[in-house]
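Structure record follows, encoded as structure tokens.
Sequence positions, counted from 1, serve as the residue numbers for this chain.
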Amino acid sequence: MIIEPTIQGVVARSAHPYGCEQSVLQQIDYVKKASPIKTDAKRVLILGASSGFGLAARIALAFGGPQADTIGVSFERGPSEKGTGSAGWYNNHYFKQHAESEGRIAINITGDAFSPDVRLQVIEAIETYFEGEVDLIIYSLATGVRPDYSSDDPKQWRSVIKPIGQSVEGAIVSLETDEWQPQTLEPASEQEAADTIKVMGGEDWESWIDTLINAESIAQGCQTIAFSYVGSELTHPIYLDGTLGQAKIDLHQTSHALNLKLANFDGHAYATVCKALVTKASVFIPAFTPYILALYKVMKKKGTHEGCIEQMHRLFTEQLFSPTGTHVDGERLVRIDDRELDPQVQKEVAALIEQMNADNFQQLGDYSGYKQEFLQLNGFGFPHVDYGQDVDFAQFSTESEVA
Ligand code: NAI
């Protein structure tokens, strides 16, 4: 089968396996050449391992110094008669192949991370492959829905990305038609805000750590991190002051509760604030696109732009496992969004956004970089991949790879 990129709005409906391999290989290459990460964390569990920050963290720890063994949980689709499957499926496949070829253990568990069943599979995998204990747990889920497994009633919470208390004007760019689409976002209801905290707040992270503590799967010195975003006053109305921001504040509070629980194991928990990046999750954030287009333009011009792998490498070498200990701010947050929040960067971004509109966003913002990154997330747009070649899907397993 010849695979073409198929985009609907801001959602990719196809993925190219060989491009996904290139993406994994480029990240492996980056961390192998960069300064080594120094940590004793050799047995790592990543929840949300198949793309974005979770995948980059997995690659950094497996190939960037610690040579960590990893268990990765994700929710991805394999190829079927319905379609090519999702990019994360191939990222998992190739991560495992390359990690195993260098002697690492790499277990992929595909399923709903909110479910009790996946918790059981993870505990079993920790028993089988990690001698019963885990040193580091990275919580990197990004999702719009969380099923409630506590009752037989098949209820689901849904997260929304809306402002709170006021409407917000903005725009989204359709990656399908390259059109700027103005948007007015109405404020969330109280129920929507509460449901977003259920999906993207700290409750499930805490439940995972409780489950692992109860299963006696936590190693001495075990740490856990979860990813957050704060942004600047340019994004606060839609992000920090909106529904997602409330969920992230809940996550920050959870990090303090988990830090107390892990103190019993000489361990720690931190929320880690990352920079804004194009990922499968972030292109969904309404009214956020003009900011990312301007931010990419400014940070690339200044030479301070980072992708997921550069962010994760800097997190592990300079912040979390730095020779002088973990660096946190006054709210006990680990920050790797410092370059984004540089006042000069923000000033220039604000000036660009002020002028940006439907006619000039491709020139003023870094739209070509934005789109290229989106295509590459799905395995397209890599110069060394022959996209005219036939792909035989038989080589890709269609089952969860937990052994
Ligand atoms: P992503 O969409 O690239 O990755 C999300 C991961 O979660 C994937 O591995 C996916 O398979 C997994 N996942 C989703 N639902 C699942 C489920 N029910 N069960 C198992 N796995 C599931 O997202 P990204 O952008 O890397 O986000 C990760 C975290 O980083 C999120 O908390 C996000 O808010 C945060 N963040 C993202 C920023 C950005 O600009 N992309 C900036 C700062 C923080």
Between Thr243 and Met200, is there a side-chain heavy-atom distance shorter than 4.5 Å?
no
Could you go through the side-chain hydrogen bond (donor to acceptor under 3.5 Å, both in side chains) check for Thr184 and Glu169 one step at a time?
CA-CA 5 Å; Thr184 304; Glu169 303 285 330; 3.2 Å; yes
A side-chain contact here means heavy atoms from C-beta on lying under 4.5 Å apart; do Glu21 and His98 qualify?
yes
Side-chain heavy atoms of Leu185 within contact of Ile161, under 4.5 Å:
no
Using atom types as modelled and distance alone, determine if a side-chain donor or acceptor of Arg104 lies under 3.5 Å from a backbone N or O of Ala62.
yes
Is there a donor-acceptor contact under 3.5 Å from the side chain of His313 to the main chain of Ala60?
no
Would you please name every residue forming a side chain to side chain contact (heavy atoms under 4.5 Å, CB included) with Pro290, sequence neighbours left out?
Ala171, Trp180, Met356
Would you please indicate yes or no on a ring centroid separation below 6.0 angstrom for Phe361 and Tyr370?
no
Minimum side-chain heavy-atom gap Arg314-Asp338 below 4.5 Å:
yes
Glu233 CD: over 12 foreign heavy atoms closer than 6.0 Å:
no
Would you please classify the geometry between the Tyr18 ring and the Phe396 ring as parallel, tilted or perpendicular, with 30° and 60° separating the classes?
tilted
Asp148, CG atom: more than 12 neighbouring heavy atoms under 6.0 Å
yes
Donor-acceptor under 3.5 Å (Lys38 side chain, Gly65 main chain)
no
For Lys302, give me all partners under salt bridge (Lys or Arg N to Asp or Glu O under 4.0 Å), at least two apart in sequence or on another chain.
Glu348
Is a side-chain N or O of Ser74 found less than 3.5 angstrom from the main chain of Ala49, in a donor-acceptor match?
no
Do Glu340 side-chain atoms and Asp337 backbone N/O form a donor-acceptor pair below 3.5 Å?
no
If only atom types and distance count, is the side chain of Ser282 paired as donor or acceptor with the main-chain N or O of Leu277 below 3.5 Å?
yes
Minimal heavy-atom distance between Ala193 and Ala188, with the atoms involved, is N-CB, 4.5 Å
Presence of salt bridge, Lys198 and Glu203, under 4.0 angstrom:
yes
Looking at Arg119 and Asp204, is any side-chain nitrogen of the basic one under 4.0 Å from a carboxylate oxygen of the acidic one?
yes
Can you check whether Thr110's main-chain N or O pairs, donor with acceptor, with Trp89's side chain at less than 3.5 Å?
no
Applying the ring pair (Phe, Tyr, Trp, His ring centres under 6.0 Å) test to Phe227, which of Tyr139, Trp205, Phe53 qualifies?
Phe53
Taking only distance into account, with no hydrogens and no angle test, what donor-acceptor pairs under 3.5 Å do side-chain atoms of residues 263-270 form with protein atoms, sequence neighbours excluded?
from, atom 1, to, atom 2, distance (Å)
Asn264, ND2, Lys261, O, 3.3
Asp266, OD2, Gln220, NE2, 3.0
His268, ND1, Asn259, OD1, 3.3

State whether the side chain of Gln8 and the backbone N or O of Arg13 hold a donor-acceptor pair below 3.5 Å, judged by distance alone.
no
More than 12 heavy atoms of other residues, nucleotides or ligands under 6.0 Å from CG of Asp152: yes or no?
no
Phe63 side chain reached by Lys32 side chain, heavy atoms, under 4.5 Å:
yes
In short, Ala113 meets Val73 closest at the heavy-atom pair CB-CG1, 4.0 Å
Just checking Glu331: does its CD atom have more than 12 heavy atoms from other residues, nucleotides or ligands closer to it than 6.0 angstrom?
no
Other residues, nucleotides and ligands only: do more than 12 of their heavy atoms fall within 6.0 Å of CD on Glu131?
no
Validation: residues 377-384 side-chain donor-acceptor distances under 3.5 Å, sequence neighbours left out:
from, atom 1, to, atom 2, distance (Å)
Asn378, ND2, Phe374, O, 2.9

Under 4.5 Å between any side-chain heavy atoms of Thr289 and Val283, yes or no?
no
Just wondering, more than 12 heavy atoms not from Glu216 lying within 6.0 Å of its CD?
no
Kindly say whether Ala287 contributes a backbone atom to a donor-acceptor pair with the side chain of Gln183 at under 3.5 angstrom?
yes
Any side-chain heavy-atom pair of Ile37 and Thr317 under 4.5 Å
yes
Residues, nucleotides or ligands: over 12 heavy atoms within 6.0 Å of Gln363 CD
yes
Lys248 side chain near Ser228 side chain, heavy-atom distance below 4.5 Å:
yes
Partners passing side chain to side chain contact (heavy atoms under 4.5 Å, CB included) against Glu310 (at least two apart in sequence or in another chain):
Tyr30, Glu306
Short question: side chain of Thr224, backbone of Ile137 - any donor-acceptor pair under 3.5 Å?
yes
Does the ring pair (Phe, Tyr, Trp, His ring centres under 6.0 Å) test come out yes or no for Tyr239 and Tyr291, once each step is laid out?
CA-CA 12 Å; Tyr239 200 99; Tyr291 175 78; over 10 Å; no
So, Tyr149 and Asp117: side-chain donor and acceptor under 3.5 Å apart, yes or no?
no
Does any pair with a residue in residues 41-53 pass side-chain hydrogen bond (donor to acceptor under 3.5 Å, both in side chains), and if so which ones, sequence neighbours excluded?
Arg43-Asp135, Ser50-Glu76
